Amino acid sequence: MFKKLCLIGVGFMGGSFALAFRESFPNCEILGIDVNPSATDKAIQLGVIDVGSAHLNSLLGFKPDLIMLATPVGTFENIARELSTLDIKNTLITDLGSVKGKLVYTLEEYLGENFVGGHPIAGTEKSGVENSSKDLFKGKRCILTPTQRTSPKALEKIKNMWISLGAVVEEMNPFLHDYVFGAVSHLPHAVAFALIDAIRHLSKDDVDLFKYPGGGFKDFTRIAGSDPIMWRDIFLENWENVLKAIEAFEASLKNLKELIKSRNSQELTNYLRSAKDCRERIN
Ligand code: NAD
């Protein structure tokens with residue numbers, strides 16, 4: 001179905017996508033575009049892409065049938081603006097960014113009906129093409145966020161492409177997407193970053209608390225090892241939902257604090273039991 005892929009952003013997610021894509025479309029040729037030349041050099045060495053460039057206009061000579069945006073979400077608008085000046089009218093364009101909402105409508109303004117917003121719910125705290133995995137998307141959900149403007153044909157092609165990579169596709173309204181992932185993904189990352197910051201403040205001159213990480217601390221804070229640029233962009237792009245989620249978390253933490261302070265053992269047990277019950281519903 002696809003013969004030429006242009007990957008913009010040759011990092012962990014883009015690299016994983018290229019590897020998975022190559023497995024499904026073995027004869028395809030892949031051009032990787034990245035502002036960091038060492039990313040494209042590494043990707044060529046690892047066999048993730050065939051050719052690399054630092055310039056978007058190099059896709060003109062390449063003539064891709066699919067463009068995948070895989071840079072941090074804060075770069076999307078500028079990239080789309082530049083793409084809109086190139087002659088790529090019939091090229092299918094999609095992305096794997098963690099924020100959709102109004103960003104999808106902004107991208108559509110530049111890219112038109114052949115743009116289909118997407119977000120694979122797969123990943124790790126690792127970044128960089130060297131950590132790419134061809135099996136990253138297998139059995140994982142991929143959310144597509146078409147709008148009234150999206151071409152049904154483009155949507156169908158992107159849907160089938162993700163299915164062929166082993167993902168389970170689900171469609172969602174772009175704004176609902178940001179509410180959902182603001183709560184279940186962006187909030188936990190915010191809390192993990194803040195927890196590390198709190199432990200840094202609790203450390204004293206004579207005691208470095210980071211020397212004593214238990215299993216729980218390591219589990220809980222793994223995601224605070226994620227890329228700061230990527231998360232800065234996500235927090236700023238989805239700020240309204242992230243702020244609402246942080247406020248809900250502050251209220252829950254305040255409630256827990258009050259139960260501990262008042263030494264209300266029964267209520268405290270109820271609070272913890274109800275959280276444990278909810279957690280056990282997740283497989
Ligand atoms: P990464 O840091 O590994 O890779 C990003 C790459 O984009 C880097 O190589 C960087 O040099 C390049 N880049 C930055 N600005 C650019 C620009 N203007 N033009 C061209 N290249 C540019 O990050 P990642 O984890 O691969 O994340 C990429 C995207 O995937 C983000 O939008 C993120 O929201 C989304 N995402 C990440 C995960 C995850 O778990 N890491 C999961 C789902 C979605």
Side-chain angles (χ1 to χ4, degrees), residues 6-21 30-46 48-49 52-59 67-83 86 93-101 103-104 106-107 110 117-137 140-145 162 165 167 170 172 174 177-178 180-182 184-186 188-190 192-193 222-238 241-242:
C6 172
L7 177 67
I8 305 176
V10 187
F12 166 68
M13 290 300 287
S16 301
F17 178 78
L19 289 174
F21 192 85
I30 305 179
L31 162 70
I33 299 179
D34 200 293
V35 284
N36 178 4
S38 83
T40 43
D41 288 350
K42 235 181 280 170
I44 292 172
Q45 273 167 26
L46 294 167
V48 173
I49 59 172
S53 169
H55 308 287
L56 280 180
N57 60 11
S58 53
L59 61 78
I67 297 174
M68 169 57 87
L69 270 177
T71 54
V73 290
T75 65
F76 280 11
E77 187 174 348
N78 282 341
I79 292 174
R81 188 181 298 119
E82 202 176 330
L83 286 176
L86 305 176
I93 308 176
T94 188
D95 77 303
L96 43 69
S98 308
V99 181
K100 306 266 74 85
L103 183 57
V104 165
T106 304
L107 298 180
Y110 291 110
H119 177 202
I121 311 305
T124 69
E125 74 284 8
K126 304 225 163 59
S127 55
V129 68
E130 61 280 15
N131 291 305
S132 301
S133 154
K134 72 175 173 54
D135 295 325
L136 187 67
F137 309 109
K140 301 285 168 50
R141 206 173 263 166
C142 180
I143 311 287
L144 297 182
T145 57
W162 277 111
L165 266 57
E170 185 174 326
M172 201 181 270
H177 167 281
D178 283 6
V180 170
F181 292 96
V184 300
S185 170
H186 308 169
H189 279 81
F193 285 118
R222 177 183 60 78
I223 54 178
S226 301
D227 185 62
I229 302 296
M230 175 180 137
W231 280 98
R232 174 201 67 191
D233 282 9
I234 292 171
F235 292 151
L236 294 179
E237 200 64 50
N238 194 23
N241 289 302
V242 171

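Given the structure is predicted, the values throughout are model-derived calculations rather than measurements. Order of listing sets the numbers, starting from 1, for every ligand and every atom in it.
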A.B. asks: Below the 3.5 angstrom mark, is there an N/O of Asn36, backbone or side chain, next to an N/O of ligand 1?
C.D. replies: no
A.B. asks: Before signing off on this row, confirm whether His119 and ligand 1 have an N or O atom pair separated by under 3.5 Å.
C.D. replies: no
A.B. asks: Pairs of nitrogen or oxygen atoms closer than 3.5 Å, one from Lys126 and one from ligand 1: do any exist?
C.D. replies: no
A.B. asks: What atoms of ligand 1 come within less than 4.0 Å of a heavy atom belonging to Gly97?
C.D. replies: 32 (O)
A.B. asks: Which atoms of ligand 1 sit under 4.0 Å from any heavy atom of Val73?
C.D. replies: 32 (O)
A.B. asks: Using a 4.0 Å cut-off to any heavy atom of Pro120, which atoms of ligand 1 qualify?
C.D. replies: 43 (C)
A.B. asks: For atom 4 (O) of ligand 1, which protein heavy atom lies nearest, and how many Å away is it?
C.D. replies: Gly11 CA, 3.2 Å
A.B. asks: Applying a 4.0 Å heavy-atom criterion (strictly less than), which segment of Glu125 is in contact with ligand 1: side chain, backbone, both, or neither?
C.D. replies: neither
A.B. asks: Tell me, yes or no, whether the heavy-atom count around Arg141 atom CZ, taken from other residues, nucleotides or ligands under 6.0 Å, exceeds 12.
C.D. replies: no
A.B. asks: One residue to check: Ile229. Relative to ligand 1, which of side chain, backbone, both or neither has a non-hydrogen atom less than 4.0 Å away?
C.D. replies: neither
A.B. asks: Would you check if there is a donor-acceptor pair between the side chains of Ser133 and Asp135 at a distance under 3.5 Å?
C.D. replies: no
A.B. asks: Can you report which non-hydrogen protein atom sits closest to atom 31 (C) of ligand 1, along with the distance?
C.D. replies: Thr71 O, 3.3 Å
A.B. asks: Provide, to 0.1 Å, the distance between atom 23 (O) of ligand 1 and the closest protein heavy atom, together with that atom's residue and name.
C.D. replies: Met230 SD, 4.4 Å
A.B. asks: Any nitrogen or oxygen of Ile234 lying under 3.5 Å from a nitrogen or oxygen in ligand 1? Just yes or no.
C.D. replies: no
A.B. asks: Under 4.0 Å, heavy-atom basis, I'd like to know which part of Pro72 is in contact with ligand 1: side chain, backbone, both or neither.
C.D. replies: both
A.B. asks: Taking only non-hydrogen atoms of Ser16, do any sit less than 4.0 angstrom from ligand 1?
C.D. replies: no
A.B. asks: What orientation do Trp162 and Phe137 show, parallel under 30°, tilted 30 to 60°, or perpendicular over 60°?
C.D. replies: perpendicular
A.B. asks: What atoms of ligand 1 come closer than 4.0 angstrom to any heavy atom of Ala122?
C.D. replies: 42 (C), 43 (C)
A.B. asks: Test of understanding: given a 4.0 Å heavy-atom threshold, classify the contact between Thr124 and ligand 1 as side chain, backbone, both, or neither.
C.D. replies: backbone
A.B. asks: Looking only at distances, can you tell me whether any N or O atom of Phe76, backbone or side chain, sits closer than 3.5 Å to an N or O atom of ligand 1?
C.D. replies: no
A.B. asks: With a cut-off of 4.0 Å, which atoms of ligand 1 are near a heavy atom of Leu96?
C.D. replies: 29 (C), 30 (O), 35 (C), 36 (N), 44 (C)
A.B. asks: Within the 4.0 Å heavy-atom shell around Gly128, which atoms of ligand 1 are there?
C.D. replies: 3 (O)
A.B. asks: Is Thr75 touching ligand 1 with its side chain, its backbone, both, or neither, if touching means heavy atoms under 4.0 Å apart?
C.D. replies: side chain
A.B. asks: Would you mind checking which non-hydrogen protein atom is closest to atom 17 (C) of ligand 1, with the distance to 0.1 Å?
C.D. replies: Val35 CG1, 3.6 Å
A.B. asks: Going by the atom numbers of ligand 1, which of them fall below 4.0 Å from some non-hydrogen atom of Val10?
C.D. replies: 9 (O)
A.B. asks: Should you measure from each heavy atom of Gly9, which atoms of ligand 1 turn up under 4.0 Å away?
C.D. replies: 7 (O), 21 (N)
A.B. asks: Is there any N or O on Gly123 that sits under 3.5 Å from an N or O of ligand 1?
C.D. replies: no
